[in-house]
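These notes are about the structure you will find just below.
Residue numbering restarts at 1 for every chain, and letters A, B, ... go by the order of the sequence lines.
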There are 2 protein chains.
Amino acid sequence: MSRYTVKQVAALTGVSPATLRAWERRYTVVEPERTASKYRLYDDADVARLSRMAELVAGGTPASLAAEEVTRDAPLLAAAGAPGSAAVPSAQGAPPLAPLADRPADDQLVTAAQSLDPVLLDRTLDQAFAAGSFEQVVDGWLMPALTQIGVAWTEGRLDVAGEHFVSGAVHRRLAHSFEAAGGRAGAPVVVVGLPPGSFHQLAVLAFATVLRRQGMDVRYLGPDVPTDSWVRTVTQLRPDAVVVGVPTTLDVDSATEVAAALRGTTSVMLGGAAASAVDTVGASILAGSVVDSARTLSATLHGS
Amino acid sequence: MSRYTVKQVAALTGVSPATLRAWERRYTVVEPERTASKYRLYDDADVARLSRMAELVAGGTPASLAAEEVTRDAPLLAAAGAPGSAAVPSAQGAPPLAPLADRPADDQLVTAAQSLDPVLLDRTLDQAFAAGSFEQVVDGWLMPALTQIGVAWTEGRLDVAGEHFVSGAVHRRLAHSFEAAGGRAGAPVVVVGLPPGSFHQLAVLAFATVLRRQGMDVRYLGPDVPTDSWVRTVTQLRPDAVVVGVPTTLDVDSATEVAAALRGTTSVMLGGAAASAVDTVGASILAGSVVDSARTLSATLHGS
DNA sequence: CGGGGTTAGACAAAGTCTAGACAAAGCCTA
DNA sequence: TAGGCTTTGTCTAGACTTTGTCTAACCCCG
């Protein structure tokens, strides 16, 4: 974990030192540590928040509202800004996610899907995403609930239209969070997407969002990216890492093909429920939940 | 959850701050929170209402009536969707949308796609969506720009990854607007989606968003909805209208199949670039641009 | 001593507020 | 068709708020 002086933070965020101090004084948007002689010492979480605030302000949001917005997610960014100490292959050292308190009943999303009722669906999602941090909700509620949707569909209890109906709404929620997490110019670049023929993008979008919230510069390509497009993209962007999603066993072959084609170009990683079934030709597996995977990748990149 | 100042709302709705204040003063169409110093703080619901009012006014409704419509607590009387085919009258008397002033250059979206640069892409979209009302931007900039993306792709100037990259970002913008438009319990129910095998959902999502902004209770099913799911959905929801998108000529056959399967259940409409190529088995064609189509449908359902 | 950091206060530009006025456009009546 | 009333977007004037920047005086480190 690095520490930065005002001048460094000014360079990183593009905000003048005087303005940084004014933001701190007026909105308490950060409270950096101090040296014995009162010099400010910002950490990564502070920089992430100030970058986000700078971005909002540049986009036309008044500083006071931007500060409020940034401060709202405070506890989570604090956790994300302190990734594990060393290059440990798994995300040890990161605090475990607290369990969710008032999340909706496990089958409420299925009920909403069956009813095609947007009011019930919205209420369910509102309730879920209000129950904790984005990371807590994704791992603790969203992914299990989506699994239930899949089960209900295979058992014939849920029509495709109902599945589409909730998938679309969940996609919109995730999209909003992804956008809200903002870009991070200068941060490690990570390309994220799905192999050709793979369309289930909810988990990988959630993953991309968590990565963004941890300060990565995520380039999200979405579903069904042809193998040669992966190669061209990596050649063009030279990212610090590439993550290929493997949501189902049906995607194993195409993911293997993509991984093989990318071998040697950069750090290639495979994530998702079926990732472990891929023959890892020079690629690594991101094991565990969505948030675990993101933390593992984050730790790896910060260690290198 | 987000809050906005007058200036931001003006940018989001395409209505000048002075007019926004006049609407509030004269019609109490919104009553935004105030800061301690009396500054207005609009929330998402306020923005949705004002956007809708702006759209109505742009369509020729006098401001006073538009305000009444937007303010009305009592839900609209559900119009009886008479099944059967008919030539739908095109959007009556609605004046053409005002041209956009400061929209980005025509090829800027293509440039952003080629570069895979999220900053440039965000800036482009920010600039575009700040140039006028949602409807103005959709018809006047977004659809033409997406056409250019398609052209660049067919001409080999743009990789699939670049196309995915912008499509995803545009989808996220539209998703945000769709959510911000809010639900309309009690209003005429319209089911919107794409036929089986059809995946290009940007135009139909934009269409669904405009419909919502006009006060419909839209149930958006998304892409690739199987024919029997369409039938089950319509049987279950008994909507006032169903709109099947036909984005390309490749989708004509499946759209025809869906329209045939739905014949007689409710008012079935076909919209999109290739809609006119469908053999209209009891369905009507929504001609013209995205906004034109939405206005036509809206006029039909309101019976005026 | 010089370069940088710190606080506190001050300042100007930009943003917003209210209340009222005004002109173009629409509508009604004769 | 003309006159008069209403509607509605815009503008003005003066006061207040927000916000980035600047200054003065002091502190810290090599």
Side-chain angles (χ1 to χ4, degrees), chain A residues 3-43 46-47 50-71, chain B residues 3-43 46-47 50-71 93-95 97-98 101 130 132-133 136:
Chain A
R3 294 172 190 279
Y4 313 89
T5 65
V6 246
K7 195 172 189 179
Q8 292 178 289
V9 174
L12 287 170
T13 60
V15 178
S16 78
T19 304
L20 287 175
R21 283 189 277 257
W23 285 357
E24 179 185 336
R25 169 169 24 106
R26 291 173 177 151
Y27 319 116
T28 331
V29 66
V30 289
E31 285 179 298
E33 311 261 329
R34 300 295 188 113
T35 67
S37 49
K38 301 260 184 191
Y39 279 31
R40 271 163 253 257
L41 281 184
Y42 300 84
D43 62 21
D46 293 331
V47 175
L50 291 168
S51 299
R52 169 119 187 74
M53 169 136 176
E55 202 171 314
L56 287 170
V57 169
T61 306
S64 52
L65 291 183
E68 200 177 294
E69 169 103 19
V70 169
T71 306
Chain B
R3 294 171 344 180
Y4 313 89
T5 61
V6 252
K7 194 179 188 182
Q8 292 180 285
V9 174
L12 289 170
T13 60
V15 178
S16 78
T19 304
L20 288 174
R21 283 189 277 255
W23 285 357
E24 178 185 338
R25 171 168 22 107
R26 292 172 178 152
Y27 319 116
T28 330
V29 65
V30 289
E31 283 180 298
E33 309 265 324
R34 300 296 188 112
T35 67
S37 49
K38 302 272 184 191
Y39 279 30
R40 288 167 177 78
L41 280 185
Y42 301 83
D43 62 20
D46 293 331
V47 174
L50 291 167
S51 297
R52 204 173 134 218
M53 170 139 175
E55 163 61 6
L56 288 170
V57 169
T61 308
S64 52
L65 292 183
E68 199 177 300
E69 162 102 20
V70 168
T71 306
L97 295 171
S133 74
Q136 288 174 330

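As rounded to whole Å, 18 Å separates atom P of C:dG5 from atom CD of A:Glu33. Spacing between atom CG of A:Leu20 and atom C1' of D:dT19 amounts to 14 Å, rounded to whole angstrom units. Taking atom CH2 on A:Trp23 and atom P on D:dG20, their separation rounds to 6 Å, with Å as the unit.
The distance from atom OG1 of B:Thr5 to atom CD of B:Gln8, rounded to the nearest 0.5 Å, is 4.0 Å. Interatomic distance, A:Met53 CE to A:Thr71 OG1, rounded to the nearest 0.5 Å: 8.0 Å. With rounding to the nearest 0.5 angstrom, the CZ atom of A:Arg3 is 7.0 Å from the CG atom of A:Asp43.
By the side-chain hydrogen bond (donor to acceptor under 3.5 Å, both in side chains) test, A:Tyr4 is found to be paired with A:Asp44, residues two or more places apart in sequence or in another chain being considered.
Contact between the side-chain N/O atoms of A:Tyr27 and the OP1/OP2 oxygens of D:dT18 is not found at any separation under 4.0 Å. OP1 and OP2 of D:dG20 both lie 4.0 Å or more from every side-chain N or O belonging to A:Ser16.
Contact of the A:Leu50 side chain with the A:Tyr42 side chain is registered, since non-hydrogen atoms from C-beta on lie closer than 4.5 Å.
Nearest-nucleotide positions on DNA chain D for A:Ser64 and B:Leu65 put B:Leu65 closer to the 5' end.
Contacts of B:Ala63 with the nucleic acid, taken as non-hydrogen atoms under 4.0 Å apart, involve only primed sugar atoms and P, OP1 or OP2.
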For a quick test of your reading: what N or O donor-acceptor pairs under 3.5 Å do the side chains of residues 12-25 of chain A make, sequence neighbours left out?
residue	atom	partner	partner atom	Å
A:Thr13	OG1	A:Val9	O	2.8
A:Thr13	OG1	A:Val15	N	3.3
A:Ser16	OG	A:Thr19	N	3.2
A:Ser16	OG	A:Thr19	OG1	2.9
A:Glu24	OE1	A:Arg40	NH1	2.8
A:Glu24	OE2	A:Arg34	NH2	3.4
A:Glu24	OE2	A:Arg40	NH1	3.0

Where protein sits on nucleotides 6-17 of chain C, one letter per nucleotide: B base, S sugar-phosphate only, - none, heavy atoms under 4.0 Å: BB--B----BSS

